[in-house]
Amino acid sequence: GMTELNGRRFIVQNVNTGANTFELHELDNIGAPTPVDTNFFSTYVSDGVAQRVYTLATPYLEADLFQLKFARQADKLYIFHSDYPEATLNRFADASWTHTPVVFADGPYLPVNKTATTLAASVATPGAGRTITASSTTGINDGSGFLSSDVGRLIRLKGGASSVWGYAIITGYTSTTQVTVTIINSVGTTTAARTWRMGLLSDTTGYSDAGTFVGGRLIVGGCPYRESRWDVSYVDDYLNFAETEVDGTTTDAHAFSYTLTSEESQAIRWIRGIANGFAVGTFEGEWLARPSINEEAMTPTNRDAKQSSAYGSERVDVVKVGSAILAIQKHGRRIREITYSFADNRLNASDMTILSEHMSKTTKDPVFFPSGFIELAYQQDIFPILWAPRKDGVLAGATYNQDEKVMAWHR
């Protein structure tokens, strides 16, 4: 074919099925692509081939793409954004992928009801088409009662002489005091019970804004309704967030939750595993989550979290390079290298842009050419480079080698 086209990607426009022709347009502006100018290209010879780039429909708006967070397990990529249900991107072959919403089993949940409101199931045993009726709206969605946006939300309920926990998923909305559910494991009785918990994640409350894998567990956090809270799954059962067995007993393998507490609002922006637990980045600072007792696994009774620094992070995913976590500081003007200090048992957050502060800024009109980094990506070979595109479209890079203490910024 024409050698100037080799190895490039284009947008197809103006397909003429009758003549079996189409035009190639540049990728420079997806909304209004520019036709390829072939005036100075070599002459087409023969054997030109083209192939459609594999695409997959997803629910994410373009405006939300930079805020997506990811956690990968082999050919399965977990995707997090507080406005969308948690989902996985699954690869089965080069041209066989699926995007699937995650359905968590038995949790995570909000705290146990402390009001006088009772819930009663029409049928106690597993199955679809059951109803759950509340005695009042108090304690449900801050007094609003059930909402149509609760469809897909979990409810955990304990009732009966045996006091067994059961749970159900809301499948339909009837009124502020009644919903249709599918009971997944028996709620024990149809008698009205005061011991119940609403699911944390839903269209009403929002979804996880970040997640990662640590020690055989999936950790999620940043739900807008509890933005300072993170939840840890059952060991080696990533979608199971049950904090107890159905009889109420708890083991070290069970799921648990933790809320970061301080004078500032600690909205979770990212979570990443480190050598001694995991690091949590919030809008207000950097936290080290770890077992209360060193050299032991984190469990429901052996966990702790302390704030190490107060720089804060943008709502952008981080990258992990070696033992360091690289994060964009809130407001986007600096990038922090976050490392764990064994000597101090805390996180250090060094400024990677301290010698090149101009790299995040533009000298043009800040209204039309805003400053700040919007994303991070790490290139390991041939040269180790941290890439950081700016809001004004300039691509900044930093040749970065932690072991050799190399940090050199360039455009």
Backbone N or O of [Y] within a donor-acceptor pair of the [X] side chain at under 3.5 Å?
X: D317; Y: F70; value: yes
X: T137; Y: G143; value: yes
X: T98; Y: T100; value: no
X: E4; Y: S42; value: yes
X: N348; Y: S341; value: no
X: S175; Y: Q178; value: yes
X: Y207; Y: D203; value: yes

Find out whether [X] and [Y] are in side-chain contact, i.e. whether some heavy atom of one side chain is under 4.5 Å from a heavy atom of the other.
X: D75; Y: W97; answer: no
X: P384; Y: Y378; answer: yes
X: T195; Y: V112; answer: yes
X: V321; Y: L386; answer: no
X: S208; Y: L201; answer: yes
X: R8; Y: E26; answer: yes
X: W230; Y: L260; answer: yes
X: S257; Y: R226; answer: no

Flag if over 12 foreign heavy atoms under 6.0 Å of [atom1], [X]:
X: F92; atom1: CZ; value: yes
X: I354; atom1: CD1; value: no
X: N20; atom1: CG; value: no
X: R9; atom1: CZ; value: no

Please lay out, stage by stage, how Q67 and D83 fare under the test side chain to side chain contact (heavy atoms under 4.5 Å, CB included). CA-CA 10 Å; Q67 299 169 354; D83 292 342; 5.6 Å; no
Partner set under side chain to side chain donor-acceptor pair (under 3.5 Å) for H25, not counting sequence neighbours: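 With neighbours one apart ignored, the set is E23.
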Got a sec, which residues hit side chain to side chain donor-acceptor pair (under 3.5 Å) with W165, two or more places apart in sequence or on another chain? none
Which pairs would a plain distance check flag for residues 403-411, meaning a side-chain donor or acceptor within less than 3.5 Å of a matching protein atom at least two apart in sequence or in another chain?
unit_1 : atom_1 : unit_2 : atom_2 : d
W409   : NE1    : M352   : O      : 2.9
H410   : NE2    : T399   : OG1    : 3.2

Salt bridge (charged side-chain N to carboxylate O under 4.0 Å, His left out) contacts in which one or both residues fall within residues 208-225, not counting sequence neighbours: K69-D209, D209-R315
Which pair of non-hydrogen atoms, one from [X] and one from [Y], has the smallest distance, and what is that distance?
X: S149; Y: S202; value: O-CB, 4.3 Å
X: Q266; Y: S262; value: NE2-OG, 2.8 Å
X: Y311; Y: E286; value: N-OE1, 3.3 Å
X: A324; Y: T339; value: CB-CG2, 3.8 Å

For [X] and [Y], which I'm curious about, is there any donor-acceptor pair between the side chains at under 3.5 Å?
X: N16; Y: T21; answer: no
X: D106; Y: Y234; answer: no
X: D304; Y: S292; answer: no

Do you know which of T125, T171, T182 makes side-chain contact (heavy atoms from CB on, under 4.5 Å) with R130? T125
Between R91 and D94, is there a side-chain N and carboxylate O pair less than 4.0 Å apart?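 A salt bridge is present here (some side-chain N lies under 4.0 Å from a carboxylate O).
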Between R156 and E243 (salt bridge meaning N to carboxylate O under 4.0 Å), is one present in this structure?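 E243 and R156: not salt-bridged.
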Derivation of the side chain to side chain contact (heavy atoms under 4.5 Å, CB included) call for K330 and R269: CA-CA 10 Å; K330 64 181 177 183; R269 298 301 195 214; over 6 Å; no
My understanding is that only residues two or more places apart in sequence, or in another chain, count here; which of them pass salt bridge (Lys or Arg N to Asp or Glu O under 4.0 Å) with K76?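 Partners of K76 under the salt bridge (Lys or Arg N to Asp or Glu O under 4.0 Å) test: none.
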Aromatic ring proximity, centroids under 6.0 angstrom, Y78 and F213: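 Yes, the ring centres sit under 6.0 Å apart.
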Might you work through the salt bridge (charged side-chain N to carboxylate O under 4.0 Å, His left out) test for R333 and E357, ending with a clear yes or no? CA-CA 8 Å; R333 297 299 184 89; E357 293 185 354; over 6 Å; no
Quick one: sort the Y340 and F342 rings into parallel, tilted or perpendicular, breaks at 30° and 60°.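 Rings of Y340 and F342: perpendicular, as their planes differ by over 60°.
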Contacts of A87 that satisfy side-chain contact (heavy atoms from CB on, under 4.5 Å) - sequence neighbours left out: Y60, H99
